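Report on the following structure.
None of the values given here were measured: they were computed from a predicted structure.
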Amino acid sequence: MAASCILMLFALAFLLAASWRLRRGGAVRDPAARTWLLIALIFTAVAAWLQWHTS
């Protein structure tokens, strides 16, 4: 499996964790939800960069 696919799966996992945290009654200002979203954004950016540069 390519590294970009693995990173995209990690991004999806962190996005699901953020949505689960927000669904439990948190707000976007909740530090844990922001952290999960930030990590998902970082993994998405790296995966997109790898996909673009290796294709």
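- In terms of heavy atoms, Thr35 sits closest to Pro31 at OG1-O, 2.7 Å.
- No side-chain heavy atom of Leu37 sits under 4.5 Å from any side-chain heavy atom of Leu41.
- Taking the six-membered ring where the residue is Trp, Phe14 and Phe43 present parallel rings, their angle staying beneath 30° rather than reaching 60°.
- A continuous path of ILVMFWY side-chain contacts below 4.5 Å connects Val46 to Ile39, so both sit in one hydrophobic cluster.
- Considering only residues two or more places apart in sequence or on other chains, Ser4 meets the side chain to side chain donor-acceptor pair (under 3.5 Å) condition with Gln51.
- With sequence neighbours excluded, the residues that form a ring pair (Phe, Tyr, Trp, His ring centres under 6.0 Å) with Trp49 are His53.
- Taking both residues in full, the closest heavy atoms of Ala47 and Leu7 are given as CB-CB, 3.9 Å, listed atom of the first, atom of the second, then distance.
- Note that Arg24 lies in the cation-pi zone of Trp20, set by a 6.0 Å cut-off to the ring centre and a 45° limit from the axis.
- Ala33 approaches Ala18 most closely through the heavy-atom pair O-CB, 4.1 Å.
- Atom OG1 of residue Thr44 and atom CE of residue Met8 lie 5.0 Å apart, to the nearest 0.5 angstrom.
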